[in-house]
Amino acid sequence: MRIHVVSDVHGNAEALKRSADGADALICLGDLILFLDYSDHGQGIFADLFGQENTDHFIALRTAKRFDEARAFSREMWASLDDAWAHVERAVQRQYAELFAALPTPAYLTYGNVDIPRMWAEHLRPGHHVLDGETTEIGGLRFGFAGGGLRTEYRTPHELDDDVYAAKIDALGEVDVLCTHIPPEVPELLYDTVARRFERGSVAVRELIERTQPRYALFGHVHQPLAARTRIGRTECVNVGHFRARGVPFALTV
Ligand SMILES: [Mn+2]
C-alpha cells in the first residue's frame with residue numbers, strides 16, 4: 001500500500017488536487033490556510049485585507065523579532081476594518097472551500113497551528129477523516145494523529161498549552177506510525193535555515209518516540225529545516241516537506 005503524506009499546504013489547492021496520484025490514500029498533517037506568505041508578501045489573507053505595503057511592514061517587524069511593535073501594528077490594521085473578524089472568517093471560509101474541494105479521498109487529516117478547527121466540519125466530504133488525539137488502522141498498521149502547535153510569540157490560531165498537548169500525545173500510546181503537525185523536540189529538526197530561528201517542537205512527542213519506538217514519526221511545520229530526517233532509536237523521523245513550496249508529497253509504502 002502506498003500512502004502519500006503532505007503538510008503545510010498553505011493554500012496550494014492546485015498541487016493538492018494531484019497529491020494522491022498513484023497512491024491508495026493521502027495523509028495531511030495540517031496548515032491548510034495561508035495567512036502570511038514570507039516568500040511572497042502579496043499572497044495570503046493579511047495581504048488581501050491590508051495590501052502589500054502593510055504586509056511588507058508587518059513581516060519586516062516579525063522577522064526582526066520586534067513582536068510588540070508587530071502586534072501594535074496589526075491591532076491598528078484590524079481596527080481600521082469594520083467588523084474585522086467577519087472579513088477574516090469569510091477569507092478563511094473561501095480558502096477552506098477551495099482546499100477541501102481539491103483534497104483527494106480517502107484522506108486522513110489533522111490540524112496544524114495555522115488552522116481553525118471549528119471551520120473544518122462544514123467543508124468535509126465523504127472519505128475525509130479528521131483525527132486529533134486518535135488512532136486508526138491504515139494498510140494493517142496503527143496510525144496515531146495529534147494536531148495543533150504549542151504557544152509562541154506568533155500567536156497563530158491553533159496553539160495549545162504544553163500540558164494539554166502532552167496529554168493528547170500520551171493518550172495515543174503505542175502506534176506504528178505517529179503523525180503530528182509539529183516535530184519532536186530535536187534541535188536540528190526545529191531550526192529553520194531561511195527564517196534563521198527555532199520553531200517549537202514537542203518534548204512529549206520525543207518522549208513517546210523514545211518510549212514506544214514507532215516505525216515512523218511523520219510531521220511538518222518547519223518549512224526549511226536544518227535536517228529533514230533523523231533517527232531516534234529505531235524510529236525514522238521525517239519532515240514530509242513544505243507542500244506549498246514543493247508541491248510534492250512524501251511517499252510511504254507499508
Ligand atoms: Mn506551516
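All ligand and atom numbering here is 1-based and tracks the order in the structure.
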query = Is the number of heavy atoms from other residues, nucleotides or ligands within 6.0 Å of CG (Asp161) greater than 12?
reply =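 Yes, CG of Asp161 has more than 12 neighbouring heavy atoms, counting only those of other groups under 6.0 Å.
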request  = Take the Mn ion (ligand 1) as the centre and count protein N, O or S atoms at distances under 2.8 Å.
outcome  =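 Near the Mn ion (ligand 1), the number of protein N, O or S atoms below 2.8 Å is 4.
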query = Going by atom types alone, do Arg196 and Tyr191 pair a side-chain donor with an acceptor below 3.5 Å?
reply =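 No.
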query = Just checking, is any N or O donor in the side chain of His181 or Asn113 under 3.5 Å from an acceptor N or O on the other one?
reply =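 Yes.
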inquiry  = Against Arg244, only a single residue in Asp37, Asn12, Asp31 fulfils side chain to side chain donor-acceptor pair (under 3.5 Å); can you say which?
reply    =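 Per the side chain to side chain donor-acceptor pair (under 3.5 Å) rule, the option paired with Arg244 is Asp37, out of Asp37, Asn12, Asp31.
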Centroid-centroid distance, His223 to His10, less than 6.0 Å =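 They qualify: ring centres under 6.0 Å apart.
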inquiry  = I'd like to know if the side chain of Asp176 and the backbone of Arg142 have a donor-acceptor N/O pair within less than 3.5 Å.
reply    =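 Looks like yes, one N/O pair under 3.5 Å.
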